[in-house]
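To keep things clear, I will list the structure first and then write my remarks on it.
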Amino acid sequence: MCASSAKRSTVVGALAFTECLIRKGEMTEKQAKELMNEYVSENPVLNAAYSWALTSDKVSKAVQALVPHFRSDCGELTISEDEALRLAGPYMN
């Protein structure tokens, strides 16, 4: 996986995590956006990938593919990284 793909995967994973928390009622969409902005500010190497995520119509499909595979506490995925990439990968370009 190239560096930009890895950064996109990281951002999509973070967005899926926040979406999981929103679905559980533990966070609002506004709080999720604030958390993502804070995460990207702390990790500026993700700026380009996050900008891509905000403008790509495919990202929501990648997020939707991953969210059902989070543990009930949204702490981690119940599938392998390879399986996550298989599910979300088609939406990452």
Side-chain angles (χ1 to χ4, degrees):
M1 178 184 311
C2 72
S4 66
S5 293
K7 291 171 188 160
R8 286 181 177 190
S9 294
T10 299
V11 168
V12 167
L15 288 167
F17 168 71
T18 59
E19 180 63 23
C20 181
L21 292 174
I22 290 167
R23 289 185 183 187
K24 286 187 60 150
E26 294 186 15
M27 180 180 283
T28 65
E29 286 190 29
K30 182 180 180 202
Q31 290 169 320
K33 184 174 263 189
E34 290 169 358
L35 181 62
M36 283 301 300
N37 287 335
E38 182 178 323
Y39 177 61
V40 173
S41 326
E42 292 171 1
N43 299 281
V45 69
L46 299 175
N47 274 330
Y50 188 48
S51 293
W52 161 81
L54 293 176
T55 59
S56 172
D57 56 353
K58 295 179 180 181
V59 170
S60 65
K61 291 177 183 173
V63 167
Q64 300 312 314
L66 294 177
V67 170
H69 301 285
F70 273 92
R71 293 192 188 279
S72 61
D73 66 355
C74 300
E76 59 186 57
L77 290 169
T78 60
I79 57 176
S80 69
E81 185 176 332
D82 286 345
E83 182 65 8
L85 287 172
R86 188 188 68 72
L87 290 172
Y91 308 110
M92 302 292 280
N93 295 319

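Side chains are part of it too, since the values below use all heavy atoms of this structure and drop only hydrogens, waters and symmetry mates. Residue numbers count from 1 along this sequence.
Phe70 and Leu35 fall within a single hydrophobic cluster, where Ile, Leu, Val, Met, Phe, Trp and Tyr side chains are chained together by heavy-atom contacts under 4.5 Å. Linking ILVMFWY residues whenever their side-chain heavy atoms come closer than 4.5 Å, directly or via other members, places Val12 and Val45 in the same cluster. In terms of hydrophobic clustering, with Ile, Leu, Val, Met, Phe, Trp and Tyr side chains grouped at heavy-atom distances under 4.5 Å, Val67 and Val11 are assigned to a common cluster. The cluster map of Ile, Leu, Val, Met, Phe, Trp and Tyr, joined by side-chain heavy atoms under 4.5 Å apart, puts Leu87 and Leu77 in the same cluster.
Between Ala32 and Met27, the shortest heavy-atom contact is CA-SD, 3.5 Å. In this structure, Glu26 and Gln31 approach most closely via the heavy-atom pair O-OE1, 4.5 Å.
Within the 4.5 Å cutoff, the side chain of Thr10 has no heavy atoms near those of the Asn43 side chain. Contact check for Trp52 versus Lys58: no side-chain heavy atoms found under the 4.5 Å cut-off. The closest side-chain heavy-atom distance from Met92 to Ser9 is below 4.5 Å.
No more than 12 heavy atoms of other residues, nucleotides or ligands shown are found within 6.0 angstrom of NZ on Lys61.
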*Can you list the steps and then say if Leu15 with Tyr39 is a side chain to side chain contact (heavy atoms under 4.5 Å, CB included)?*
CA-CA 11 Å; Leu15 288 167; Tyr39 177 61; over 6 Å; no

*Checking side chain to side chain contact (heavy atoms under 4.5 Å, CB included) for the pair Leu66/Phe17: CA distance, chi angles, key distance, verdict?*
CA-CA 9 Å; Leu66 294 177; Phe17 168 71; over 6 Å; no

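Within the structure, every pair that satisfies the side chain to side chain donor-acceptor pair (under 3.5 Å) test and touches residues 66-76, not counting sequence neighbours, is listed here: Arg71-Glu76.
Under the 4.0 Å criterion applied to side-chain N and carboxylate O atoms, Glu29 and Lys33 are not assigned as salt-bridge partners.
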